[in-house]
Amino acid sequence: MNQINNMHFTESIHDSVIKIADDFGIDGEHDSVMLGLLKKNKIDGVSVFSELIQASCAQDVAKVRSENNVQIGLHFNLTHGDSCIDVSSLLAEAIFRKIDKIKILNSLNDQLQAFEEKFGFMPDFIDGHQHVHTFPIISKVIMQTLKSIQFTGWVRNIGSGSLTGLHLAWKYSFFKKFLVLEALSFFHRRDLKKSALSFNKFFFGLLPLEQPKKLSVALSSLYSLDFLTSTIIMCHPGSLDGSESMDHPAKSRDLEASFLRAN
């Protein structure tokens with residue numbers, strides 16, 4: 001696999017606060033909204049389903065990357081699609097070490113290859129749909145692969161590293177999810193350090209997306225924070241006309257997009 005020099009992006013995560021929009025490639029309506037936000041520098045990058053995104057759309061995003069200095073990452077996917085299992089089952093398999101490492105490795109290589117073929121370069125960063133890149137065993141497979149290809153980008157850390165994150169989780173009713181991610185991130189950060197892979201220190205962006213009525217207030221609370229450098233803010237902007245799921249209603253994606261446009 002060909003590499004490009006994306007060290008300047010890796011360095012930027014250490015001295016910046018960066019907004020990354022997840023789930024690019026899953027739906028054309030949502031993609032159009034995220035592309036518009038990229039062009040206006042309202043977000044700093046997108047995380048892409050490499051096997052779902054159309055090649056023509058990938059080139060549109062790559063053009064914005066070269067013109068606006070935004071970042072494009074691989075949204076490693078093991079839970080979205082007819083042949084995939086749900087995230088809770090996958091996490092249980094990972095915890096009890098029932099994961100097929102070869103299957104994970106093949107899926108990762110396929111998605112990296114699809115990314116390179118469509119964009120013409122390797123990802124600026126790696127994260128995971130529903131944070132699967134931090135799951136036990138899966139994370140080790142990813143790190144070993146990235147080291148083997150001399151990956152020069154960064155990997156998303158999902159730990160907030162602050163009591164502020166804990167307070168938001170309690171206030172807006174995603175406390176259980178917050179605790180799970182903090183536990184996963186503790187071991188994930190340790191292994192990233194051992195592997196000498198770059199990662200962000202802080203992570204925010206958990207929101208009550210399944211409850212649009214709470215979302216507007218939660219967004220204001222989140223973006224009123226005084227973020228430290230090396231912070232990644234995850235977001236899920238999109239369109240009312242796009243696809244939706246129980247945890248990502250189109251109305252919530254539209255609300256988040258409107259908020260980002262205005263701020």
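Sequential numbering from 1 along the given sequence is applied to the chain's residues. This one's a predicted model, so the numbers in the text were calculated from it and none came from an experiment.
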ask   = Ignoring hydrogens and geometry, is there a side-chain-to-backbone donor-acceptor pair from Gln59 to Lys118 under 3.5 Å?
value = yes
task = Give the cluster check for Phe49 versus Val61: same hydrophobic cluster or not, with ILVMFWY residues linked at side-chain heavy-atom distances below 4.5 Å.
result = no
task = Name the orientation class of the two ring planes belonging to His133 and His188 (parallel below 30°, tilted from 30 to 60°, perpendicular beyond 60°).
result = perpendicular
request  = Could you tell me which non-hydrogen atom of Val217 sits nearest to which non-hydrogen atom of Tyr172, and how far apart they are?
outcome  = CG1-OH, 3.5 Å
Spacing of CG belonging to Leu37 relative to CD1 belonging to Ile43, to within rounding of 0.5 Å = 5.0 Å
key: Criterion ring-ring contact (aromatic ring centres under 6.0 Å, His included) on Trp154 and Phe125, from CA distance to verdict   = CA-CA 5 Å; Trp154 53 275; Phe125 62 90; 4.6 Å; yes
message = Quick one: does any side-chain atom of His129 pair with a main-chain N or O of Phe76 as donor and acceptor, under 3.5 Å?
response = no
note = Output for pair (Ser216 OG, Gln211 CD), nearest 0.5 Å, gives 12.5 Å
request  = Verify side-chain hydrogen bond (donor to acceptor under 3.5 Å, both in side chains) between Thr79 and Gln130, making sure each step is shown before the conclusion.
outcome  = CA-CA 8 Å; Thr79 58; Gln130 297 182 308; 2.6 Å; yes
ask   = Is there a side-chain contact between Phe199 and Arg189 (heavy atoms, below 4.5 Å)?
value = yes
ask   = Are Leu105 and Ile85 connected in the hydrophobic side-chain network, where two residues link if heavy atoms are under 4.5 Å apart?
value = yes
query = So do Ser252 and His236 actually touch side chain to side chain, heavy atoms under 4.5 Å?
reply = no
message = Could you tell me if the side chain of Asp44 sits less than 4.5 Å from the side chain of Val70, heavy atoms only?
response = no
inquiry  = Show the nearest heavy-atom pair for residues Leu35 and Val64, with the distance to one decimal.
reply    = CD1-CG2, 3.9 Å
query = Can you tell me if NZ on Lys201 sees more than 12 non-hydrogen neighbours from other groups inside 6.0 Å?
reply = no
query = In terms of hydrophobic clustering (I, L, V, M, F, W, Y; side-chain heavy atoms under 4.5 Å; direct or indirect links), are Ile126 and Ile149 co-clustered?
reply = yes
request  = Would you confirm whether Asp27, through its side chain, and Glu29, through its main-chain N or O, come within 3.5 Å as a donor-acceptor pair?
outcome  = yes
Audit row: Leu209, Asp247, side-chain contact (heavy atoms from CB on, under 4.5 Å) steps and yes/no = CA-CA 6 Å; Leu209 296 176; Asp247 57 341; over 6 Å; no
ask   = Atom CG of Leu255 and atom NZ of Lys214: how far apart are they, to the nearest 0.5 Å?
value = 15.0 Å
query = Looking only at heavy atoms, which two atoms of Lys42 and Lys19 are closest? And how far apart?
reply = O-CE, 2.8 Å
ask   = How about Leu219 and Leu260: do any of their side-chain heavy atoms sit closer than 4.5 Å?
value = no
message = Determine whether the aromatic ring centres of residues Trp170 and Phe175 are separated by less than 6.0 angstrom.
response = yes
remark   = Note: Ser107 and Asn77 closest approach over all heavy atoms is OG-O, 4.0 Å
key: Backbone N/O of Phe259 and side chain of Asn263: donor-acceptor pair under 3.5 Å   = yes
key: Arg65 to Phe121, cation-pi by 6.0 Å centre distance and 45° axis angle   = yes
query = Are more than 12 heavy atoms from other residues, nucleotides or ligands located less than 6.0 Å from atom CZ of Arg190?
reply = yes
request  = Hey, could you give me the CE/OG distance between Met143 and Ser148, rounded to the nearest 0.5 Å?
outcome  = 13.5 Å
task = Run the numbers on Phe202 and Phe227 for ring-ring contact (aromatic ring centres under 6.0 Å, His included), then give the verdict.
result = CA-CA 9 Å; Phe202 309 106; Phe227 297 109; 9.8 Å; no
message = As an exercise, state the distance from CG of Leu222 to CG of Leu215, rounded to the nearest 0.5 Å.
response = 10.0 Å
key: Audit row: Asp22, Arg156, salt bridge (Lys or Arg N to Asp or Glu O under 4.0 Å) steps and yes/no   = CA-CA 12 Å; Asp22 282 10; Arg156 182 189 285 176; 2.8 Å; yes
request  = Answer yes if Ile26 and Ile72 sit in the same cluster of Ile, Leu, Val, Met, Phe, Trp and Tyr residues linked by side chain heavy atoms under 4.5 Å apart, and no otherwise.
outcome  = no
message = Taking the ring centre of each residue, are Phe178 and Phe174 less than 6.0 Å apart?
response = no
Donor-acceptor pair, side chain of Ser230 and main chain of Ile13, under 3.5 angstrom = yes
request  = Carefully, step by step, assess Thr134 and Ser139 under the rule side-chain contact (heavy atoms from CB on, under 4.5 Å).
outcome  = CA-CA 5 Å; Thr134 68; Ser139 65; 5.5 Å; no
inquiry  = Are Leu168 and Ser221 packed together at the side-chain level, in the sense that at least one heavy-atom pair is separated by less than 4.5 angstrom?
reply    = yes
request  = Compare every heavy atom of Ala62 with every heavy atom of Phe119, then report the nearest pair and how far apart it is.
outcome  = CD2-CB, 4.2 Å
message = The criterion is salt bridge (Lys or Arg N to Asp or Glu O under 4.0 Å); which residues satisfy it with Asp31, sequence neighbours excluded?
response = none
message = Any side-chain to backbone donor/acceptor pair from Lys147 onto Ser195? Under 3.5 Å, distance only.
response = yes
note = All heavy atoms of Asn157 vs all of Phe203, minimum pair found to be O-CB, 3.2 Å
inquiry  = With a 4.5 Å cut-off on side-chain heavy atoms, are Ser160 and Leu166 touching?
reply    = no
request  = Measure the shortest side-chain to side-chain distance between Ser47 and Leu74 over non-hydrogen atoms and say whether it is less than 4.5 angstrom.
outcome  = no
query = Under 3.5 Å, side chain of Ser239 to main-chain N/O of His30, donor-acceptor pair present?
reply = no
task = Let me see the working for Asn68 and Leu38 under side-chain contact (heavy atoms from CB on, under 4.5 Å), right down to the final yes or no.
result = CA-CA 8 Å; Asn68 292 32; Leu38 281 174; over 6 Å; no
Under 3.5 Å donor-acceptor, Glu256 side chain and Gly238 backbone = no
message = Between Thr145 and Val141 (side chain of the first, backbone of the second, donor and acceptor by atom type, cut-off under 3.5 Å), is there such a pair?
response = yes
key: Cluster check Val180, Leu207: I/L/V/M/F/W/Y, side chain < 4.5 angstrom   = yes
request  = Start with the C-alpha gap between Glu182 and Leu179, add the side-chain angles, then the distance that decides, and say whether side-chain contact (heavy atoms from CB on, under 4.5 Å) holds.
outcome  = CA-CA 5 Å; Glu182 289 296 315; Leu179 290 181; 5.6 Å; no
remark   = Output for pair (Met34 CE, Arg253 CZ), nearest 0.5 Å, gives 6.5 Å
query = Between Met234 and His131, is any pair of side-chain heavy atoms under 4.5 Å apart?
reply = yes
message = Looking at Gln54, I'd like to know if its CD atom is crowded, meaning that more than 12 non-hydrogen atoms belonging to other residues, nucleotides or ligands lie closer than 6.0 Å.
response = no
